[in-house]
Amino acid sequence: MRRHTRQLARRPVHIIQHGRLRHTRGRIRPKVPHHAGQEAGQVRPHHNILWHVPERAGGPRHGILYGGLAPRRHGHSQNHIRDAWGPGRRQPYVRAGRREAHRHDAGGRRLGQGGHTMTEWRDMEERWQKAWSEARLFESDPDSRPKKTITVAYPYPNSPQHLGHGRTYTLADINARFWRMRGYNVLFPMGFHYTGTPILGMARRVAGGDPEIMDGLLNIYGVPPDTVRGFAEPLNIANYFSAEIETGMKEMGYSIDWRRRFTTIHPAYQRFVEWQIESLRRRRLIRRGSHPVGWCPQDGNPVSQHDTLGDVEPEFAEYTIVKFGWGRHILPAATLRPETIFGVTNLWVNPDAQYGIWQVGRERWIMTEECAQKLAHQGRRPVHIGDIPASDMLGAAAESPVGGHIPVLPAGFVRPDTGTGIVMSVPAHAPFDHAALRAIDPDGTIPSRPIIAVSGYGDDPAAQICGGLDTSDESALERATETLYSKEFHTGVMLEGCGPYSGRRVSECKDDIRGWLARKFGARTMMEMAGEVRCRCGARCIVKMLEKQWFLDYGDESWKASARRCLDGMEVLPPEIRGEFHNIIGWLRERACARQRGLGTRLPWDPDWIVESLTDSTVYTAFYILMKYVNAGAIQPDVMDWDLFEYVFLGRGEPPNPTAQEMRQEFLYYYPVDTRHSGRDLVPNHLTFFVMNHTALFPERHWPRQIVVNGSVLMDGKKMSKSMGNIIPLRGAILRHGADPIRLGITISAELLQDADVNLESVSGMGTRLERMIRECGEAEPGEAGGEREDAWMRSRIHWTVQAVTANMERMRMREALHDVMYGMERDVQWYARRLAARGRAMPPGMAHMICEMRARLLAPFAPHTAEEMWHTLGNDGFVSVSEWPEAGNVDHSIVHDEDYLVSVLRDISNIVRVSGIAPRRIRVYAAESREIYDTVLECVAGGAADMRSIMEIISGDDSKRHLRVYPKEIAACLKDILSESVTTREARLRHSTFDERKLLEEHLRDVVRTEYDCTVSVYGSGGVPESEDPKRKARLARAYHPAIYIE
RNA sequence: GCGGGGGUUGCCAAGCCCGGUCAAAGGCGCAGGGCUUAGGACCCUGUCUCUGAGGAGUUCGCGGGUUCGAAUCCCGCCUCCCGCACCA
């Protein structure tokens, strides 16, 4: 059994943890040249012609350009739509008075005068950021209002932020801004996670002048050369990028309380981590054990993915070392398939390899030097006591643990650096063994010993699968091996002669056999890299068993139970991710919680170890509350001891000082966390640890209330990564597109849990839309809002929108909410403008104002800068960011119902016009006069009868309806109509059974149609229309809600 | 292997939980028109097929089933992606 690492990487191998079978994966990382011009700080906005819109003279031309739903070209120009904004339209910004003065207060140059450059847009955003900051708008301290503590996983500053990071933070910010407007005292803090090893690796590579990383820093990240030189020092990297990220967050307009900022190597934070880890230890959740890690023998360091050449993830395979006796010596054969011990016919050694004799415990093992070195890192101490030529072993009769003697034979495929250099030969089940054995024993003197029955492969599976193969073709043998191993593992059954395991499935008894060999025959295990992994220094990595490693026992059942209880008591959004948390808790087990290098906090009781970085970042949400005091100088880190934390977090003991008392009060106010935001990738680790650690450290009333998980951001359908060259740095994107358009682009591109494929065109489309909204605010004046039917309709639609947006935002369905604000409302306003035009009215100024103001408020969480600009342009004081979230008024359902009807009739007309190609001169509409059948069927459907048979039964069984029995055709037609409508439409129609179609058509359809088609409109009842008025006999086709139409 | 999530009309992406609002939202792209000296931007219209009448036909990975009715529910299959730990 065996052998080539090359092959190991391609077939299922046993990974150390629980012996779970796991596929190793090949990773392909195409080299893609980085994109020039993406570097932060190198974008020159004035060169961005896409954004340059020349100023125009006639400002009013840009009145709100709502075209109708389907204005025809046949008739008038569409200008009536614009004219709907009517007399209220004027040159903006030329009026004197308070409002005007106010606008100038808002600062400098305004937008909305007919186009802007990117520079102007950025000026606008910066102006508001500055105003917020000066007004300390987002600083939160306890007060009498209810609170919301909203947090996001803090960033690891080893690179600038890109668009992908922006998504989680933007969602959190939208959430924070929403609740703030709803009257909550929102705490939204931010810190920086300095702890960790990747920065260490970067620093080392910079120090070594690694061209790849230098290129990345200078050209992709745009770090100035002078600064990069300082990056040999890890702290400089973290400081540089955290500042960079912080600036980016401010540029994005995040409503963060920056007074609470910290880094995880701040002395105060370290005191906090000491308290945390010590608490866990006192709760007996920390223990000691040994643990395998990838290891570079040259550097003497653990290696993880970012330390390896090609960023290969070090993965381990677990070999079983089966001891074969040979006189006073042991021949240790390493195998991945211990179950095949029953089928061994011989051992293989490499005739060209160097073997030595090593004292291992009380035994003398024969193995290669490489093997002895590896064992030395895995808790054994082989002592070299001599060499032995491979030839001395050839022909020896080795004693098998399961009985009998087998010969030692030579094989070239045995690699001295893999396993022990000695291999079990199982010719019945291993194609390589079969081929090698038959090559030196063509007559079958040594017969195969099949021990696994596997359907489709006969009595000698390896022989069969090798049947048609060229056995000198290694790759063919590898493929055969892979196929056979997989088949045997999953479907194979142990044959007779396998001791207690006969008749059992391979997949079920493999681990048992390993255990049995270990117990009865002293078999050992040995870790080996699954595939060749090289350190960045070039050395080949091995597996090292770290002794006396500290573990956090996430496997503790009672701990898991309380985590489940916490989870059950909290909201998880989106709901479908909840099950995943439970699964993860299910398989969670001990996890190393300390390591030997990197930035971080030392274990209080064992200063040789540093608290591992996913362990020191589980409950820091509580620390923001204290950090305000540290940053303000109200308390010094050196007095933050065990007693202080016990008091502040748990109320234990007496307050050590007045500040502690204040902190306790603030903690009680802000805790628990109301929302924890994070990306999906953190679900199996940080978010679950967040839950686990809270339950271990805090009383139940302080357990988190809600977790919100979002998907990541893709570029062109691919995950953003440096090696793909598709990273869009956030700050560069802001320069190019503006913060608000990016915020909207990210939010609207996908549902919460979906990965968002952001396209930059739609981002800039957002920009122009926002700009138009600002512009429109400049043309709206407070005033009379109109009392006509269409005004009432518009108001109802606004109320409906507020309801829908609010409900969606409460459930973190930000995409849908934004959709209603950006597009839904837009569509309503278009219809409104069309109705106004039909009646020759201009939009009442008050209504235009109300629409704009509602937009500003609903948009404020999403596009805060734009919303502030709109708010002030409308003449409001203060900040929309802290204004009240709109309350939804009552929706007049009957008006909405009637307008929906008009839209549907209009749609019918435009369909006919389009299909027939007629330029209408006259449109005749015949409204159905009786709705008895329709209403009857509608009632039946509402009552659950949706098929003809049951409807006919109901009608026949009701004296008042029985007379309708003779109209089955009509009934069927009504049923079809009704079923094609939505449930909400049906309900609305049920409620408005007194609805008078003809009257509505006469009063309203006429105007709308006439304006758009420039033709006459006649409305009739369907009964008794003289033939002169109904030349094509259409009137009889009228159905309820479907007037007959004739166009000439 | 274990666990999770997908496959929708040119692309991205809703809908699926709660079956008829679905030829299927919205965005992008594309086409025509408007506006503009022009380009860009913006606005309108169209964008599965057929249609001189509001209609019909064929679609939602594949194959079955349940139902008056399925993108939506059930069963089977194919296929893609992600996580699996000491790493943020």
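Labels below follow one simple rule: chain letters A, B, ... track the order of the sequence lines, proteins then strands, and each chain is numbered from 1.
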| request: Remember a base hit wins even if backbone is also touched, and classify A/Arg907 as base, sugar-phosphate or nothing at under 4.0 Å, heavy atoms. | output: nothing
| said: With a 3.5 Å cut-off and heavy atoms only, can you find an N or O donor on one side and an acceptor on the other between the side chain of A/Arg775 and the base of B/A41? | reply: no
| said: If I take atom CZ in residue A/Arg834 and atom P in nucleotide B/C44, what distance separates them, rounded to the nearest angstrom? | reply: 12 Å
| If you take atom types as modelled and just measure distance, does the side chain of A/Asp908 reach the base of B/G54 with a donor-acceptor pair under 3.5 Å? | yes
| request: Would you classify A/Ala1044 as touching base, sugar-phosphate or nothing, given that sugar-phosphate means primed atoms plus P, OP1 and OP2, and contacts are heavy atoms under 4.0 Å? | output: base
| request: May I have the step-by-step check of ring-ring contact (aromatic ring centres under 6.0 Å, His included) for A/Tyr926 and A/Tyr1046, ending in yes or no? | output: CA-CA 8 Å; A/Tyr926 312 92; A/Tyr1046 177 61; 7.8 Å; no
| query | Which is true for A/Ser749 with a 4.0 Å heavy-atom rule: it touches a base, it touches only sugar-phosphate, or it touches nothing? | reply | sugar-phosphate
| field | Euclidean distance for C1', B/U59 against B/A70 (whole angstrom) | value | 13 Å
| field | Between B/C42 and B/G4 - P atom distance, rounded Å | value | 45 Å
| Euclidean distance for C1', B/A23 against B/U49 (whole angstrom) | 11 Å
| said: Work out how far the C1' atom of B/C12 is from that of B/G65, and round it to whole angstrom. | reply: 33 Å
| field | Between B/A25 and B/C60 - P atom distance, rounded Å | value | 16 Å
| task | Identify whether any heavy atom of A/Leu588 sits under 4.0 Å from a base atom; if not, whether one sits that close to sugar-phosphate; answer base, sugar-phosphate or nothing. | result | base
| task | For the pair A/Arg589 (side chain) and A/Gly555 (backbone), establish whether a donor and an acceptor sit closer than 3.5 Å, ignoring hydrogens and angles. | result | no
| said: At 4.0 Å (heavy atoms only), tell me whether A/Asn685 reaches a base, stays on the sugar-phosphate, or touches nothing. | reply: base
| query | Contact class for A/Ile1047 vs. all strands (heavy atom < 4.0 Å): base, sugar-phosphate, or nothing? | reply | base
| Whole Å only: how far is the CE atom of A/Met766 from the P atom of B/C42? | 12 Å
